[in-house]
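The sequence lines fix the lettering, A, B, ..., with proteins before strands; numbering per chain opens at 1. FYI, side chains are in, hydrogens and waters are out, and symmetry mates aren't considered; it's all heavy atoms of this structure. The structure presented is a predicted model; accordingly, all values stated were derived computationally and were not measured.
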Amino acid sequence: MWHAKTSRMNALAGIASGDRGVRLSRGLLLLALLTVSATVCHARGRPSPDASSQSSAFQWTDTQWGRVLLMKDYNTRIVIFGVAVLGGASGLVGSFTLLRKRALMGDALSHASLPGIAIAFIAANWFGGDEKSLPWLLVGATASGLLGVAVILVIRNQTRLKEDAALGIVLSVFFGAGVALLGVIQQMDTGHAAGLEGFIYGKTASMRAADARLIAVTSLIVIAGCLVLFKELKLLCFDEGFAGAQGFPVIALDAGLMTMVVLVTIVGLQAVGLVLMIALLVIPAAAARFWTETMWRMMLWAALLGTGGSIVGGLVSALFPGLPSGAMIVLVCSLFFFVSMMLGTRRGVIIRLIRRMRLNRRIDRQHLLRAMYEQLEKSSGGLDDSGLAERAKRRISVSLGKLLSMRSWSRRRLSRAIERAVEDELLRIQDGACKLTQAGFTEAARLTRQHRLWEMYLIAYADVATANVDRDADKIEHVLAPEVIDQLEDLLDEQGMTIPVPQSPHGPLGSGEAIGVLGTDAEGHAGVEPPHDDSGGHQ
Amino acid sequence: MTGEPFVAWIGQMLPLGFSWNWGLDGWIVVIGGLAAVASSLLGNFLVLRKMSMLGDAITHAVLPGIAVAFLLTQTRSSPAMFVGAVIVGLLTAVFTEWIRGAGGVDEGASMGVVFTSLFALGLVILVQTADAVDLDPNCVLYGSIELTPLDTVSVGGRDVPRAAVVLAVVTVVNALFVLLFFKELRLTSFDPALATTMGFSSKWMHYGLMILVSVTAVACFESVGSILVVAMFIVPAAAAYMLTDRLGLMIAISVALAIVSAVLGHVLALSVPAWMGYRSTTTSGMIAVAAGGLFFTAATLGPRHGVLVKLVRRQLLSLRILCDDIVASLFRGEELEQQPPTATWLAGELFASHWSMKAALAMLRRRGEVADQHDRLQLTHVGRERGQRLVRSHRLWEQYLVDRAGSGAERIHDQAERFEHFTDRNLRDELAKETDTPVEDPHGRPIPDES
Amino acid sequence: MLNPPERNDDANLPTAARDDGAGADVPLSVYDLTVAYHRKPVIWDVGFDLPAGQLIGIVGPNGAGKSTLLKAVMDLIPRASGRVRVFGDTYRENRHRVGYVPQRESVDWQFPVSALDVVAMGLYDKIGWCRPVRKKHRQQAREALGRVGIGDLADRQISQLSGGQQQRTFLARALVQDADLYLMDEPFAAVDAATERAIVEILRDLKERGKTAAVIHHDLQTVPEYFDYVVLLNMRVVAQGPVSQTFTQDNLQKTYGGRLTLLDEVTEAMRRRESSL
């Protein structure tokens, strides 16, 4: 039957998602690469006043493509390696922050690091150190980033302002202080702040081997941290209170998570830049959520998407020197996000639309078939279950107008439902009136029986029923225990409302396949499936 | 100009060590102030709707809108820029809402996805067209307020900086919006469900607000830059929220704070680096820092919601309660004709720390309620009267709770313990009347008389 | 003991079933309403007519879909199927005749508004777009606050009110709306005895002035005392009708199941009330 079919498809989708996921991600990477490069070619193809960029547009040859794609350049190799590890690490950490509903923490944090960088620079200048020593600047960035996080938490917990305002305040005020300090640095004898600008926009292309090594080491530390603390962090994100009650050091775990976010953010600053680092923390994790409902799978997806996006983005910007690498990485990642949001097998927009539509159709079909059945019941009087009476009932046709008056549906909605039922050979239309087929009758009886059992269940087990009632379940037998169903049937019997479990149809209408007793045989209603469907098993 | 003597006066009063040129610095302050006022007017509603970060997102995201507008018109001042920004700003709001609604992604994350993508797109467009268009991404990020007075237009025969004109118009528009739709903004921010059932679509107010946020963000870009627009949107409004419980007053305070931070910011930008031997620094950055300072002050010292004030108030209350407890427990001791206790013993009995006990005793001695007899503590006459009142309150409450609330005898002591500190003469009399002026409490102890 | 669920007979279908604009005197008519969250339908095949000028209790166990029903009526959540008529027309058309008292948890109590401001919000619809709240509106709001007994707290910021006072503020806001049908989502939840009495007073006052109030209610014991008419809901309408006929042990059993220890007390309370009449 129709439900069986859809549910089986869902189940299949669930089983296959793992294996299909891998294939899909591979496909996505390829697709994204092609799309992005096509766009870029198009963009560069248009006339530009700058002669050099135009000439470079014609320099690209197959060999150069090959060089980049096979990463023959030492420089490209370093850059791609660096951003790939970074993307993976931020995907992992980002999954935790996303589930902890702190996605924008990375935003505030990366902005808050600017004054630290500037102060480190000034301090190095005053004490005669190397102002541009990266580790030293990163120490400053980490310190002020952590201070920013602390201020956010204080504002959120101690005042009546909410988290969003706390983030906004820290982000803008810290950044303002950073900008003011940069204004001073620009006047220093030694320091043209050119080096610091890189922290804002990223300077992937000029990444040195030492930078890449730093990124790789930090990212690996963070990845290891995520994996080692996976269980604890998962609990923290899911139920902080429970974690505390279980004796986990919640504050220390939280601090650990935030430190990992700070580490990734700070080393990422120079790869993709301050403003765009947040993208790597948010986008892959948010995209991963569409594909799965399990946490470790989500993190795997996030890491894959982050790595993939970084590699593709990095390659694209290496191929087309005019494109800033940070921005390209983000754009590739957001392309992944968009595709995931649309096609995601678990929470994607399309799958959810389909689910919604199916639900509505299912409700309509149930309404239609039940209305038909009740009409038959009314016109044939008694409810005896002999095959003869059944056949007699089946011959009665119900006019469209009658059906229309039985529910609140519009004429259009009703005719759609009828059309679909006719397609599935549950109904036939004769002289403007509807008539159940053999299969339709079986299904209508089953649905009506199920509906009545549920209503009886609501009455008999009212105190626990609301949590259990699932009228949309394929079969009531999947939800309720057999003895409960027996009891409900007895109750219906008392009211004279029992619907006999439909018998296998041996009449000329039947498709000839045996139909087992409904509810006990999983293959039971396979016989009334539309012919194009070969089995009705429920996984 | 009339401001000149005032500035000269400031210069005399405060040895700031910088020179003030009204024609330049004056305009900078005016422009900064207008930007701050225009933003903070809307910022109040961003903060109250818990959408502060959407302000941040929009200010980042309008970059591609501006870039495309530049590309098409090749000018900086054209209205196309505003149109481009409004379109992209609205797209940000719509996309964020769509990803949140249709994709089921948490709001913060959906914002993060949208604005970073749009910002990246803007950067790519800018870099691609760097040769064609004179637009520095730096300028978008942190503005160049120092240069705005140089670009003037003629208004009524006088040269006025273009930025001042643009920002004045935006400020007026925002003020009108807030004034005209004050009621609707309040309703849709406070109770969107009710607003919807009453036919005030919260969606339309939301998008109206977003349009103005985008317009304001663009107007402010040149002068203060995108991040600092965020500071102006959120920080003065947040500070005002710490100071008042009235929406109208909150908006007024936020506007005042915005102006103060603009003036203070420019003064700081001129003076602070000078102390360290450098020339002035970026005014827009300093405006944000000044606003942050004002917020910090409001958040710590705000009369009702200030963190520090709340802390002090809590400390004072617990000190007062400890004083009460000491006096009451000394009184009970006298009642049972026990030997007066030592301070250390009493501290252990009342679970008081060493320092709070010391402070409480100092207070009681100063008030002349407790006297020392060698190392023992004894009530004075005044203290005994107070102890009597407290114990009377406590026992009356116990009686009342048993009579009225039907609490079990084992629970009432704790409740009475809490109430006794907040019971004055009138309430005691009322309690006595309600409980038919008992002589004994439920535990069978005498209720001291009072008169 | 257990009767079959009501079948829709043409004769006693809700007026919303007829599409001829009938039922202008029926405050609220719901027909064939099904609402589904995600995959599971929450309420199914709900249909009823509410009688005009009465106090109606909507009663049912947790998760029975009571709030869902009200929200679906007011188009706040989408319906999978069904038709709703308010005074014989769609909710949109007759929106101004409906006053809504939401659950107390649904708003941000830290919001910088005073009790008076909140009550004045009930008048916004009448004041209209862009026009300010004038003195006479504030006066009206002040009177409404007086009617619910907290006139002296008008200028307090709402977080400084107790739970009961907050509930009264909401009620005062509904009062100034001067609607003909009031939909209230658990106004009695977590309020003190004095507030509960005050709310009941207000409800009776509304009834006297010919208004209809549909109130989601939890405390079974007080149902016979407070309401004239009751809708027993547990994912679908178990029973509906005048309290004296409908609020029976049998029907309650069908709504709440067997483990209801309060049942005897309730029937006792009902007997007492009936004998006092």
Side-chain angles (χ1 to χ4, degrees), chain B residues 43-51 101-102 104 176-205 208 237-254 298 302-305 310 404-406, chain C residues 38 67 70-71 73-77 86 91-118 120-134 137 155-160 169-170 173-174 177 179 183 185 192-193:
Chain B
N44 285 288
F45 295 100
L46 292 182
V47 169
L48 289 176
R49 287 167 170 243
K50 305 176 195 69
M51 296 190 328
L176 278 178
F177 176 74
V178 169
L179 279 178
L180 277 178
F181 293 102
F182 180 75
K183 181 168 105 286
E184 287 77 11
L185 282 167
R186 171 151 78 183
L187 177 63
T188 51
S189 309
F190 174 63
D191 195 344
L194 179 84
T196 310
T197 64
M198 284 173 71
F200 295 98
S201 165
S202 26
K203 215 197 239 159
W204 288 115
M205 285 323 287
Y241 187 48
M242 303 306 300
L243 296 174
T244 174
D245 281 332
R246 286 294 145 85
L247 183 54
L249 198 57
M250 176 175 160
I251 295 174
I253 292 178
S254 72
R304 190 178 277 154
H305 305 289
K310 273 197 290 193
R404 292 302 154 106
Chain C
H38 305 303
S67 292
L70 288 197
K71 285 185 187 142
V73 162
M74 290 181 293
D75 294 336
L76 290 175
I77 48 175
V86 176
Y91 170 76
R92 258 183 104 78
E93 285 300 315
N94 276 326
R95 193 163 48 200
H96 58 280
R97 296 182 69 182
V98 181
Y100 174 45
V101 180
Q103 264 179 1
R104 196 141 45 83
E105 292 76 41
S106 67
V107 297
D108 169 17
W109 292 100
Q110 289 293 327
F111 202 89
V113 283
S114 65
L116 189 74
D117 294 333
V118 173
M121 285 177 188
L123 292 165
Y124 284 9
D125 199 16
K126 249 173 237 137
I127 300 171
W129 282 92
C130 297
R131 295 211 199 89
V133 180
R134 295 193 191 286
H137 301 127
D155 296 319
R156 285 253 188 112
Q157 200 265 335
I158 46 174
S159 67
Q160 288 154 30
T169 310
F170 265 7
R173 182 173 74 181
Q177 275 182 281
L183 302 176
D185 200 343
D192 54 296

Toward chain B: residues of residues 108-118 of chain C with heavy atoms under 4.5 Å: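 Heavy-atom contacts from residues 108-118 of chain C to chain B are D108(C), Q110(C), F111(C), P112(C), V113(C), S114(C), D117(C), V118(C).
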Would you say that [X] contacts [Y] through its side chain, given a criterion of any heavy-atom pair below 4.5 Å between the two side chains?
X: H137(C); Y: K183(B); result: no
X: M198(B); Y: M121(C); result: no
X: T196(B); Y: L76(C); result: yes

Which atoms of R304(B) come close to chain C, meaning under 4.5 Å heavy atom to heavy atom: side chain ones, backbone ones, both, or neither? side chain
Which atoms of M250(B) come close to chain C, meaning under 4.5 Å heavy atom to heavy atom: side chain ones, backbone ones, both, or neither?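 The answer is the side chain of M250(B).
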Is it the side chain or the backbone of R173(C) that comes within 4.5 Å of chain B heavy atoms, both, or neither? side chain
Is chain B contacted by the side chain of D75(C), its backbone, both, or neither, given a heavy-atom distance below 4.5 Å?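 For D75(C), there is no contact with chain B at all, as no heavy atom is under 4.5 Å.
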Going by side-chain contact (heavy atoms from CB on, under 4.5 Å), name the residues that satisfy it together with L249(B), two or more places apart in sequence or in a different chain.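 Testing L249(B) for side-chain contact (heavy atoms from CB on, under 4.5 Å), a comparison that skips the adjacent residues, returns T244(B), R246(B), I253(B).
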Can you establish whether the number of heavy atoms outside K126(C) located under 6.0 Å from its atom NZ is more than 12? yes
Hey, what do you get for CE (M74(C)) to CG (L194(B)), rounding to the nearest 0.5 Å?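 Answer rounded to 0.5 Å: 9.0 Å.
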Under a 4.5 Å cutoff for heavy-atom pairs, which residue among R156(C), H96(C), Q160(C) has the most contacts with chain B? Q160(C)
Choice from V101(C), V133(C), V98(C), V107(C) maximising heavy atom contacts with chain B below 4.5 Å: V107(C)
All salt bridge (Lys or Arg N to Asp or Glu O under 4.0 Å) counterparts of D125(C), not counting sequence neighbours: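 Not a single residue meets the salt bridge (Lys or Arg N to Asp or Glu O under 4.0 Å) criterion with D125(C).
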Applying a criterion of heavy atom separation less than 4.5 Å, what residues of residues 185-193 of chain B form contacts with chain C? R186(B), L187(B), S189(B), F190(B), D191(B), A193(B)
